[in-house]
Each structure stands twice: as C-alpha cells, then as structure tokens.
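Convention: sequence-line order gives letters A, B, ...; per-chain numbering from 1.
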Number of protein chains: 2
Amino acid sequence: MSRETGTNAIVREKAEQAVGVLEEQDVDLWLTLVRETSQVKDPILDFLVGFDLTWTSALLVDRSGRRVAIVGRFDGPNVQRLGVYDEVILYDESLKAPLLNTLAALDPRSIALNYSESDPAADGLTYGLFRLLSGWLSATPYASRLISAGAVINTLRGRKTSTEIARIRAAVDATQTAIAELHQKLRPGMADTEIADILHGFAQARGYGTAWDWEYCPAVTVGPESDFGHGMPVGLRTTRGQLVHVDFGILRDGFAADLQRTWYLSEKPGSALPPDVARAWEAVTGALEAGRAALEPGAAGWAVDAAARSSLVGSGYPEFMHAFGHQVGRTAHDGGTVLGPKWERYGDSILGIVEVGNVYAIELGVAVPGRGYVSREENVLVTDEGAQYLSDPQEGVWVIE
Amino acid sequence: MSRETGTNAIVREKAEQAVGVLEEQDVDLWLTLVRETSQVKDPILDFLVGFDLTWTSALLVDRSGRRVAIVGRFDGPNVQRLGVYDEVILYDESLKAPLLNTLAALDPRSIALNYSESDPAADGLTYGLFRLLSGWLSATPYASRLISAGAVINTLRGRKTSTEIARIRAAVDATQTAIAELHQKLRPGMADTEIADILHGFAQARGYGTAWDWEYCPAVTVGPESDFGHGMPVGLRTTRGQLVHVDFGILRDGFAADLQRTWYLSEKPGSALPPDVARAWEAVTGALEAGRAALEPGAAGWAVDAAARSSLVGSGYPEFMHAFGHQVGRTAHDGGTVLGPKWERYGDSILGIVEVGNVYAIELGVAVPGRGYVSREENVLVTDEGAQYLSDPQEGVWVIE
C-alpha cells in the first residue's frame, strides 16, 4: 500500500526460501504464469513480486537458485527495481518465444505449476492460462514434465519468516484492540449492525482492512436467532440473558488475524453466568485446549482436528461442522495443511503435516438453546515446544452487566 | 462495502441479463465454480453474488431462466437473502452429490465454464477446480459437454446496464475532481511521489479505492527520464520546460475510471507551448479522435485500433506499443473485446465486435525528446450514435506557469 521497503523485504525472504523448498522437494523449476492480476490474482504473487502485473507474465524460480521474470515492457521497471530476479526479460508482442527460450536454457526435468484440487492458496493458475501454456509447450519435451506446485506453495506459505510472524502479530494486536473498544461500548439492545459498525469504524479510522469480505467481517451472532457462520449483520438486536459472539480479523500491512470472542448480557447486575452457558464454555475451552495440545510439529492435520472434535463430543455436545483449524497469513484462510475432518470437501489438505513456523487459527463453538452461540477462536504459532498463543486467549465468557 | 441495496440491484440486473445472453448464444447452462474467493476470486462473482464465498460453490444459470446456487451451509443465508437464486441448496460435506443431482435434473446439452485463453475477465476458473470438476463428471455424459463461457461473459460484462453506467460515470467524476485538485497544487520542482500522494490523499479522504494497484495508480511520468507504463513513482522531480503526465482512476462503489492527463511546466510565465509539444498534442488528439470515430456498434476491435494507429503514424510518430482501447467497468481492464493490434499477446480478444452499452477507455501517447510524455486517455460510452464522452475531454496540454 505504500512505497515502504517492507514488502520488498518479504518478497526477497520468500524468494530465497523458495529455492530451498525446491531442492527439498526435488523440483527443478517452479513456473508461475499470471496476467491482469487486478482481475484474477494468483495469491502466490504477493510472495513473488508484491504488486499487480498486467500483461501475461512468467516468474521462474530454478532449483539452482536462478530467478527469471519475463514480463511485458511496461511492467519491467517495477520488477527490475525489486532486485529479486537475476534476469528480467521484457517483451512487447508475445511471452511465448522468451518463455520457450528460457525453458530450453534451463532444461528442467520437472516444471511445477500453481494448481491444486484441494488447496485454494496453491491454485492460482487459471484454466485458460493452462490451456495457453499447454499449446505453447505442445511441440516441446516440457509438455510432459508439468507437475503441481501444491506442495511447494504449501511449504513456502506455511513456514512463516520472522518478518511475517511480526506482521501477523501486529494484525492480532490491532484486532484485539478493536474488540476491546467494542467491549467498552457493548450494551443490551444494540443491533448486530451497530456492533459491526464499531469494528468497521475502528478499521477505517486507522486505514486497516478486514481479514475477509468487509460485508461479513465481523460475522456477528446475536442471541439464538442469528445465522451462525459467514452471516452478514441484518439488524437483530441483543437482549439480556442472551449471548453475543463476533468472528473478526484486521488486515494490516498485508497480513491477517482471525479471532472469535463471546459475551453474555447478564439478566441483572451481579448475577452469575447461567449454568448452561458456563457448561458450554467449559466444553469449548476443553476441546480447544485438547486440539492445541495435539498441534505440534509432525502431527497430521486430521489428527489435530480429531483431538478437539472428540473432546467436544465427549463433553456431550454435537460436533462442529467445520475444520478445527486453518493457517493464517496473507489471508484469514492461508491454505496449506488444514486441521480438519476427513470430509470430501477438505480433499487431501487434511493429510498434510504440521511444521514449525506455521501459524494457525484454531476455533470451535456450540449453540446454547435460547441464548445463542458460545465460540472461541485463537491464533497460535507452532514452535518446537508446541502451539504458542499469538492472541491473548479469552479466559472466560465476558459478561456485560 | 456496505449493507446498501445497490450491489444487490446490479446482481439482479446482471442475473436477468445472463438468461437472455444464454438464449442468444444457444448455451444451455452456465456453471460458475468457485471457492475461498478471498484467495482467488473469479471476477464474474461480482455479477453473480457480490460477496465472497468460502466453501466450494456452484452458481448455475439455466437458459430456461432457472438459477440455482449450491453453497456451503455457512454461506447459505447471505445467498438466500440475495433473492436472485430460485433455489439455494446447502451442503455440509461435499458439493459433488448436489451438483451432479442438479445437472441430472437440468440435463443440459452444453455447460459453459469460465475459461478463456485470451480474456482474463472470462478466465476465473482455476485449473485445480477444473480438474476437480472433471473428476466428478467423468462417469456422466456431461464431461463431453463442457464449453468456454468466454463469449457469454464478454457479452454480459460488456453490455452495461443503466445502473452500471451511472456508477462508472460517478467514478469518472471523482477521478476528474481528484485531477482538478492536483492541477491546483502542481508546481515545478514537485516530485512524482508528491503528485501520487495528492491523488492518494484525495481517494483516502473519501474512502475511495484506486482503479488498479494502489502502488502505481497513479502512474506518473515526469520529464523524459521517467519510465512510461505501469511505473511506480520513485522520487523524480518535475522541472520547467518539461511535461508531467498521470494515468489515474478512482474505484468507487465497485466501479472504475481510467484517465490520462498531460501538463506542461512553462519555461517562464506567458510563454507559448513549445512547437514540439504542440505538434505532439495535435498528433495524439487527431489519432484519438480518429479511433473514437471508428468506435461504433458493429466495428471489430482491431479495426478501431488500426484507425487510431495509422493516424498517429501518418502524423510522423512511432506507433504506441499497447492497445488503443479496453473496456472499463468493475476494473480498469474489464475484459471483452479489446481495441488492439493483431499481436499474439492479445489473442482473439481483438476479433470481438463493439456493441451498444460498451464502455471503453481509449488512450495513446507519444514521447517528446527532452521533455517527457504527451498522452491522453478518455472514457466513452458506445451508443447508436457512436462513442460519447463520459469524461470531459482534455482540450489541450494544460500549462502550469
């Protein structure tokens, strides 16, 4: 968003990191093909250049460490100034010839492309661009050497550098400050739209974005009638004796946070948390902590989910209808290994292995009949010593008197 | 960006329009397949729902007029509230079964998917999602009935409704107001970064975005040393006797403008425009008007470009190394028929036919040695009576004394 050097620093860090990942995964060449990225943007572009490219462009990272960008003439100066590519080749009429020449010179045994059936963050290549490339390669030996870059991208996105972790931490801090401001203002009778306006106002005043679509970030659950999930606020009003729950994240300097917090609006001042709410909180927190304990380097995504899921079911509540955890980074759902159940819609994303440097949002909740939704979501960093909180964990349902 | 009804109105208008386009083009079913659109967003989603979808989702428009959305449970309420889909089917574990059931019920002879080798705006289907769908369809008769929705999308995006035209006009107006503010402040010695800051400040103060990547919208050309094209401001300073040129557009309420304006910083107060600058302006304006005269319903994209290009070359200047015109709408480059030369990189986008209701940015410029860049870009609406200005056309190089 600015002419600061921070973005370039991350691009340089990730471009360096990529070379190591190729070596580790025995991939010769990683080829990213994009165009008009203000229309359709491959999410990996943030790591490879950090700004939009207009004409059809090829970004190549070779296992040898060599990085080549082939871009339209007008995009050239921005890419040259990045200082990340050993060679920046400019073209006027067509990318085809310089790309084929470069491939012939590098002569890779495998070419990884950005597609994945299960991971949206690794699936930035459009079908039309794939067809275009296939046509260009049809008379070359490279047509049969194309593989998915899914694993390369998962690893690269997932292993956060210290710069990336600092940015996520800053987004978490801002999100918590926004929620603290809401906490000060939250009153019985307030509408879900007013709650959303307070969080939006906080973001707008500071030039921050939201971690997902502005219209339903925050998602606000007010009492038992609200739709839970990605529902937009619709004007429902909070009432004493009911729960209020928000799912919210700030996007700041290109990085996201993703938190959920729960409040109870007490029937009268000084009254204790009702037993049904207290019991739900215990179950939610127990399951969240069971999942967090299982979230360590080497664990399979599905196994971490199972630990949280079985804890909740063991407490007598129905299982949650979503994954326990997802990575957080450039976006609230940052791709890679998902901590989810073996449901078809998660594909093989839940078969991945948790690594040091991964940042996850872990979340689950339960409905409390007649009161609303009790849910917690925290952001954690995976270290050698296990999953450490980046957020200040919610210690109990917050009560508004 | 808000809970206003304007977005829903456009989605309803375009969804209605789509049915007619399918009939006209003899397409039975149009299938849009998306997921995690905060990661990779099919640009047509703005016309089909207007907000992000998280789980893998299918949006079907049938030639009969029937519209069906199959979405994850948590996305359901937002889609139901839209009121655009006759049926909203919710799923928990997998899209596959409800999608195959719906296809079997509709039994289309052709299924149009969002891919195009030449048009980024019609190429929102990722290769991974295409593979996923192909797998699901492999045991059905529908695997062999897949076609490109490129023509459907081009027509739908290109034929602006009155609501869309009003939004673009508002974006043009805001862009012109921003440029007028810059005009008041522009002084010799000002850096390109300061020029960008003035335009950015205008946008930020009003909550507007920029029509393309913030970092190089505006692109600023200052004297003869600036990179022309998509260059980011780098700190070059304006000097008397040289030209200043900006390429800028506001994004407002989801719609973009795209204008270029040129200034001359006079050597001393009262001095006439130097002959080399005056001659360049005449050539640029002559070529722009030649192209605008050719921009009428029924014209082929390449022919409009050729009219402008040959006029400029006929004036003794080198041809411009880009297309003469591109559509403007949701983004500054809105896809569909491009008014460009027969260069490989434009694919068949330049073979399309101009229609009533299309909105174009038309642009070209020339370098003036030792002074900088003279360029004009205007936004026009194609009507039965030809291409009418949406912008207030620049009538001559603006002189700063």
Item checked: Partner chain B: residue of A:Leu132, A:Leu113, A:Asp52 with the largest heavy-atom pair count (under 4.5 Å) -> A:Asp52

Next item on the list: Could you pull out the closest heavy-atom pair between B:His333 and A:Thr54, with the gap in Å?
Entry: CE1-CG2, 3.8 Å

Note to self: Other residues, nucleotides and ligands only: do more than 12 of their heavy atoms fall within 6.0 Å of CD on A:Glu344?
What the structure shows: yes

Checklist line | Over all atoms of both residues, closest heavy-atom pair of A:Gln39 and B:Asp334 | finding: NE2-CA, 3.5 Å

Check: Using the ring of each side chain (for Trp, its six-membered ring), is A:Tyr115 parallel, tilted or perpendicular to B:Tyr127, with breaks at 30° and 60°?
Finding: perpendicular

Checklist line | Exceeds 12 heavy-atom contacts within 6.0 angstrom, atom CH2 of B:Trp302 | finding: no

Item checked: Heavy-atom pair of closest approach, residues B:Glu36 and A:Pro120 -> CG-CG, 3.4 Å

Notebook entry, point to check: Looking at A:Asp119, A:Thr56, A:Leu133, which has the largest count of heavy-atom pairs under 4.5 Å with chain B?
Noted result: A:Asp119

Notebook entry, point to check: Which atom names give the shortest non-hydrogen contact between B:Glu117 and A:Arg35, and what distance separates them?
Noted result: O-NH1, 2.6 Å

Check: Looking at residues at least two apart in the chain, or sitting in another chain, which of them share a side chain to side chain contact (heavy atoms under 4.5 Å, CB included) with A:Ala151?
Finding: A:Gln25

Check: So, for A:Tyr216 and B:Asn78, which heavy atoms are closest and what is the spacing to 0.1 Å?
Finding: CD2-ND2, 3.7 Å

Next item on the list: Please identify each residue that fulfils side chain to side chain contact (heavy atoms under 4.5 Å, CB included) with A:Leu251, with sequence neighbours left out.
Entry: A:Ala256

Margin query: Which heavy atom of B:Trp55 sits nearest to which heavy atom of A:Met321, and what is that distance?
Written below: CH2-O, 3.5 Å

Margin query: I'd like to check A:Val40 versus B:Asp42 (side-chain heavy atoms, cut-off strictly below 4.5 Å). Are they in contact?
Written below: no

Check: Which residue out of A:Ser118, A:Gly124, A:Ala211 racks up the most heavy-atom pairs below 4.5 Å with chain B?
Finding: A:Ser118

Margin query: Is B:Asn114 close to chain A through its backbone or its side chain, or both, or neither, when contacts mean heavy atoms under 4.5 Å?
Written below: neither

Check: Which of the residues B:Leu129, B:Leu95, B:Asp123 is involved in the greatest number of heavy-atom pairs with chain A at under 4.5 angstrom?
Finding: B:Asp123

Checklist line | Partner chain B: residue of A:Gly347, A:Ser148, A:Pro43, A:Gly150 with the largest heavy-atom pair count (under 4.5 Å) | finding: A:Pro43

